[in-house]
Number of protein chains: 2
Amino acid sequence: MLTQAAEDYLKSIYKLQEKGGKVSTGNLAEYLDVKPSSATGMIKKLKTMKLVSHERYQGVTLTDAGKTIALEIIRHHRLLELYLFKALGVPWDGVHEEAEKLEHVISEDMEARMDAFLGYPTEDPHGSPIPDKNGVVLKAPSVQMTDLNNGQSCVVAEVSDDDSALLRHLGSFSLYPGTAFRVIEVAPFEGPFTIDIAGQQVVIGREVAKHIFVNNIEETDNV
Amino acid sequence: MLTQAAEDYLKSIYKLQEKGGKVSTGNLAEYLDVKPSSATGMIKKLKTMKLVSHERYQGVTLTDAGKTIALEIIRHHRLLELYLFKALGVPWDGVHEEAEKLEHVISEDMEARMDAFLGYPTEDPHGSPIPDKNGVVLKAPSVQMTDLNNGQSCVVAEVSDDDSALLRHLGSFSLYPGTAFRVIEVAPFEGPFTIDIAGQQVVIGREVAKHIFVNNIEETDNV
DNA sequence: TATATAATTTAGCCATGCCTAAATTAATTT
DNA sequence: AAATTAATTTAGGCATGGCTAAATTATATA
């Protein structure tokens, strides 16, 4: 069995790899809120376990074995988020923190029972894909909200799950995955977005919009 | 926040204290499957935290603060056992192992949500009392099955939760808490018990009977 | 009471995983 | 290309919580 710390490193490498491409010691350390020297140490250990590849100063890559474990942990996390949300009514801005601890601890049996209870779901409450039991992830293509233009309509696909305050903010506008909205105006000079959600006009700051991903984009006539 | 190890020590001290009275370093170490010297070390640490009292060679006692934490962990454990059993259908011989890991990790919020979901229960699936949120335990008095005599009828009150094979064995006779049975014969010389459960005759070994506690004892006529 | 035995504690080591500070290597600027 | 700056790694330390082996203290036996 891997330690919790090792699992967290693998998960983080997977997520950084997914976003940015190359994963440096420094990026990884920053993401995990540890010092670079600590990351170096763990990378060395994971390498001896053949869970990552690494050449000095070159960045880390997950091996197939490492990726399998990373996806297993991510699956646990997202199944737990959805389970806590649906079965216990934990608010969507609280499920991440709870899942972060539970993900390392649940058995395969419990994973399977939650999966069945939830009807073999494919998305967590923030719209992130839940890898299936074989580690297969199907992520619908989506676009960062900051790439939208005036007059476009779309549906929220996914939002960041790790910032509780952000989630409460989005929740106050009902900006959940599945919610449709229309861009009324993008303020110039990297300004905020004014959008229409179910007839309500709402202003979304640019920094917030970076954490929102959408799909089903359509051009609509201005009102 | 306490470490998981420290929580396990407090819980174990509470349980040993409950059964036997004096808790020695050796007993504690054996119960936790560590060496006595390891127990000494942790006892010292818990003492500096004022969670236990201890004088060299005299045995350990929980302070009020230590007892509060022990009961909190036991509450988590038993609520989890019942929750896993009722909400996820985990078999009763599997809930202990799972709860053993989860008990250290769930939040107060999750504890409260499970408690509400279950209707503020007072007993886990093995008949052990669930301390309430203030740490109050109400344990109905019960008698070890080995103290029963021929012709007595009773109801199963509680069984040990930590031996999975034993639980499967008991389950095969439907010997759950709440199940009534009548003692047909106690074999002499510390022999096994022959009992009647719902018309079925079953032989229960003495060692097994030591793990079963009963109440509502009545004398009945022999058939 | 003296001695043997059993329980407990101390001393010192190991692995994990974090840290700081210093050294090394790579990348960038002049 | 040389020098500066940035990234990474190494070296050595700390806390946790195990371990073994040796010393100590208590208990039981002769």
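Chain identifiers are assigned alphabetically (A, B, ...) following the order of the sequence lines, protein sequences preceding nucleic acid strands; residue numbering begins at 1 within each chain.
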Exercise for review: Answer with yes or no after comparing the ring centroid distance for B/Trp92 and B/Phe85 against a 6.0 Å cut-off, counting only values under it.
Suggested key: no

Exercise for review: Verify whether the ring centers belonging to A/His77 and A/His96 lie closer than 6.0 Å.
Suggested key: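 Ring centroids of A/His77 and A/His96 are less than 6.0 Å from each other.
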
Measure [atom1]/[X] against [atom2]/[N] and give the value in whole Å, please.
| X | N | atom1 | atom2 | value |
| --- | --- | --- | --- | --- |
| B/Leu2 | D/dT16 | CG | C1' | 13 Å |
| B/Gln4 | D/dG18 | CD | P | 11 Å |
| B/Met49 | D/dG17 | CE | C1' | 12 Å |
| A/His54 | D/dT8 | NE2 | C1' | 8 Å |
| B/Gln58 | C/dA6 | CD | P | 20 Å |
| A/Leu46 | C/dT16 | CG | C1' | 13 Å |

Check your understanding: Is there a donor on the side chain of B/Tyr57 or the base of D/dT27 sitting less than 3.5 Å from an acceptor on the other?
Key ->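 Under the 3.5 Å cut-off, the side chain and the base do not form any donor-acceptor pair.
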
Exercise for review: Could you walk me through whether A/Thr194 and A/Val186 pass side-chain contact (heavy atoms from CB on, under 4.5 Å), step by step?
Suggested key: CA-CA 6 Å; A/Thr194 303; A/Val186 184; over 6 Å; no

Review point. Which of residues 6-25 of chain A have a heavy atom under 4.0 Å from DNA chain D?
Key: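 Output list: A/Ser24, A/Thr25.
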
Study note, to complete from the structure: Numerically ordered, the residues 27-45 of chain B set in heavy-atom contact under 4.0 Å with DNA chain D is B/Val34, B/Lys35, B/Ser37, B/Ser38, B/Met42, B/Lys45

Check your understanding: For residues A/Ser160 and A/Asp163, is any side-chain donor paired with an opposing acceptor at under 3.5 Å?
Key ->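 On atom types as modelled, these side chains do not qualify, holding no pair under 3.5 Å.
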
Practice item. Among B/Asp124, B/Asp115, B/Asp132, find the one that has a side chain to side chain donor-acceptor pair (under 3.5 Å) with B/Arg75. Key: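 Of the listed options, the one satisfying the test is B/Asp115.
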
Point to revise | Result of checking A/Lys11, A/His76, A/Gln4 against A/Glu103 for side chain to side chain donor-acceptor pair (under 3.5 Å) | key: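 Testing each of A/Lys11, A/His76, A/Gln4 against A/Glu103, the sole residue satisfying side chain to side chain donor-acceptor pair (under 3.5 Å) is A/Lys11.
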
Check your understanding: Salt bridge or not for A/Lys139 and A/Glu18, using N-O below 4.0 Å?
Key ->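 The answer is yes: the pair qualifies as a salt bridge.
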
Point to revise | Distance test, side-chain N/O of A/Arg56 to OP1/OP2 of D/dT10, below 4.0 Å | key: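 Indeed, a polar side-chain atom of A/Arg56 lies that close.
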
Practice item. Output yes when a side-chain donor or acceptor of B/Arg78 lies under 3.5 Å from a complementary backbone atom of B/Ser128, and no otherwise. Key: no

